[in-house]
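A quick write-up on the structure given underneath.
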Amino acid sequence: MSFRNCVSALVIVLTLSFAAILASAETTRYGEDLSTKNLAAHSTFHYELTRTLARAAGFSAAEAESLAVVNEATDAGSFTGETGVTITLNGTKRVSANGQYWHFARRDSNNATGEYLYPGSRNTCAYFSIPPRTCPGDEPELDEIEKWAVYAQDTPQPGMPQVAFHGEKNFQPVAGKSLLALAIYLHALADSYSHEACMASTHIRGHKPNPPECSAVYWHIKAEFGSDPEIDKGVSYTQEAAYATWLALKWFREKNGLAGAPLWSDEQASEFIQNWVKLDKPLERREAAVKAMESLQ
């Protein structure tokens with residue numbers, strides 16, 4: 001083989017290897033639990049933590065499970081939870097034409113109706129000051145999603161996501177002001193924090209190898225959980241994302257007149273979140289969330 005052919009072959013190998021790393025990163029997001037209870041690769045944040053916070057916010061165990069399954073399916077396209085609930089979504093998958101809209105959504109410092117501040121109170125639209133990078137119509141994508149999911153106002157810019165149940169192929173639009181829509185909004189809300197450091201530093205809505213906060217492999221696996229501030233530089237964003245999820249779950253119940261008070265106070269939720277985010281290993285996070293969920297039955 002000639003030198004030129006050797007170089008070409010090496011480039012191909014390196015390209016394929018890098019593509020494989022990125023492909024695996026697409027399934028990592030907030031960190032993974034790859035083998036427990038025969039669950040597919042998934043995010044302990046989007047599934048286990050969301051389920052626990054939903055139950056603590058006053059949703060039933062079945063509702064909390066459904067919210068968590070849909071939350072995970074927003075990334076994966078389809079997901080089956082521990083109780084056998086399978087949800088398949090079209091139009092929200094992270095690696096899709098509409099991926100930026102649902103997973104790199106920009107938010108204002110407060111919610112869509114201005115009734116409460118998001119944790120951190122930052123307007124991430126400010127990271128994109130040059131058209132067409134500014135928020136469309138001066139409205140962040142997260143506001144559009146919230147208006148649809150919580151208030152049944154407007155329609156998401158890419159159109160209604162489609163849902164199918166139990167592995168069937170009979171898709172139907174996800175209605176606004178529904179648990180399904182709420183779960184998709186919760187995912188976009190959490191991701192708006194998970195990806196914020198990258199958007200702030202590069203003004204780009206997407207992953208790239210450098211800087212570190214834009215690396216899917218580094219940021220989502222190594223930086224967003226743990227107790228070492230020198231290494232775990234994404235922990236503060238994860239804490240804010242979790243507390244934002246908690247507030248949104250309570251807000252949905254209040255705005256839609258759902259009966260039943262939260263099972264946790266804000267202080268209890270905050271304490272649990274802070275301790276949970278410090279756990280480095282996905283299995284530890286899973287077990288902590290499951291234990292807390294079981295205590296709420």
Side-chain angles (χ1 to χ4, degrees), residues 45-46 50 53-54 57-59 63-64 66-79 87-119 123-125 128 132 134-165 170-196 199 205 241 243-258:
F45 186 109
H46 290 314
T50 296
L53 292 179
F59 291 91
E63 289 170 336
S66 294
L67 282 165
V69 170
V70 177
N71 196 323
E72 178 59 33
T74 303
D75 252 332
S78 185
F79 186 68
I87 298 290
T88 304
L89 294 174
N90 277 339
T92 67
K93 195 171 182 179
R94 188 182 180 286
V95 186
S96 68
N98 298 323
Q100 281 190 342
Y101 184 87
W102 301 105
H103 305 281
F104 292 88
R106 292 163 286 194
R107 67 177 187 276
D108 205 338
S109 57
N110 48 253
N111 79 314
T113 54
E115 294 168 271
Y116 73 94
L117 290 172
Y118 283 128
N123 179 348
T124 67
C125 285
F128 301 86
T134 53
C135 289
D138 297 322
E139 183 175 41
E141 293 89 350
L142 198 60
D143 280 8
E144 295 178 2
I145 299 170
E146 181 192 334
K147 287 180 179 178
W148 162 68
V150 180
Y151 307 96
Q153 299 173 0
D154 301 330
T155 300
Q157 191 179 40
M160 296 285 201
Q162 304 285 312
V163 62
F165 302 93
N170 183 24
F171 285 88
Q172 54 187 293
V174 176
K177 203 174 180 179
S178 66
L179 290 185
L180 291 168
L182 171 62
I184 294 170
Y185 164 62
L186 294 176
H187 188 105
L189 174 61
D191 275 12
S192 77
Y193 286 95
S194 179
H195 300 140
E196 181 180 346
M199 292 192 286
R205 299 167 67 200
Y243 199 68
T245 298
W246 165 254
L247 292 176
L249 284 161
K250 291 202 311 171
W251 189 248
F252 182 89
R253 295 187 63 83
E254 292 169 6
K255 295 306 291 184
N256 290 288
L258 300 180

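None of the values given here were measured: they were computed from a predicted structure.
The residue from Glu144, Arg106, Glu141 that alone fulfils the side chain to side chain donor-acceptor pair (under 3.5 Å) condition with Tyr101 is Glu144.
In this structure, the separation between CG on Leu117 and CG on Asn110 is 6.0 Å, given to the nearest 0.5 Å. The line from OH of Tyr193 to OG1 of Thr124 is 9.0 Å long, rounded to the nearest 0.5 Å. With rounding to the nearest 0.5 angstrom, the CG atom of Asn111 is 10.0 Å from the CG atom of Leu247. Note: Leu67 CG to Thr50 OG1 = 8.5 Å, rounded to the nearest 0.5 Å. Atom CG of Leu186 is separated from atom CG of Asp191 by 11.0 Å, given to the nearest 0.5 angstrom. Taking CZ of Phe252 as the reference point, atom CG of Leu182 lies at 5.0 Å (rounded to 0.5 Å).
Shortest non-hydrogen contact noted between Cys125 and Pro140 is SG-CG, 3.7 Å. Nearest heavy atom pair, residue Ala57 against residue Leu249, reads CB-CB, 3.9 Å. Nearest approach of Ala181 to Ala149, heavy atoms of both residues: O-CB, 3.3 Å. Scanning both residues, Leu189 and Ala248, for their nearest heavy atoms gives CD2-CB, 3.9 Å. Residues Asn256 and Val150 share a closest heavy-atom pair of ND2-O, 3.6 Å. Of all heavy-atom pairs between Leu89 and Ala73, the closest is CD1-C, 3.9 Å.
By the ring pair (Phe, Tyr, Trp, His ring centres under 6.0 Å) test, Phe79 pairs with His42, Tyr47, sequence neighbours left out. Residues forming a side-chain hydrogen bond (donor to acceptor under 3.5 Å, both in side chains) with Lys93 (at least two apart in sequence, or on another chain): none.
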Chi angles and distances behind the side-chain contact (heavy atoms from CB on, under 4.5 Å) call for Ser66, Leu179: CA-CA 8 Å; Ser66 294; Leu179 290 185; 5.6 Å; no
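Put simply, the side chain of Glu115 does not reach to within 4.5 Å of the side chain of Glu254, judged on heavy atoms. For the pair Phe165/Gln172, a side-chain contact is recorded, criterion being any heavy-atom separation below 4.5 Å from C-beta on. Considering only heavy atoms from C-beta on, Phe104 comes within 4.5 Å of Arg94 through its side chain. Residues Asn71 and Phe45 form no side-chain contact, since every pair of their non-hydrogen atoms from C-beta on lies 4.5 Å or further apart. Contact of the His103 side chain with the Thr74 side chain is registered, since non-hydrogen atoms from C-beta on lie closer than 4.5 Å. Inter-residue side-chain proximity for Val174 and Thr92 is flagged as unmet; no heavy-atom pair is nearer than 4.5 Å. Taking the side chain as every heavy atom from C-beta outward, Ile184 and Pro161 approach each other to under 4.5 Å.
Under 3.5 Å, the side chains of Thr113 and Tyr151 contain a donor-acceptor pair of N or O atoms.
The closest donor-acceptor contact from the side chain of Trp102 to the backbone of Gly91 lies under 3.5 Å.
For the pair Glu146 and Arg107, the salt-bridge criterion is not met [side-chain N within less than 4.0 Å of a carboxylate O].
The distance between the ring centers of His187 and His46 falls below 6.0 angstrom.
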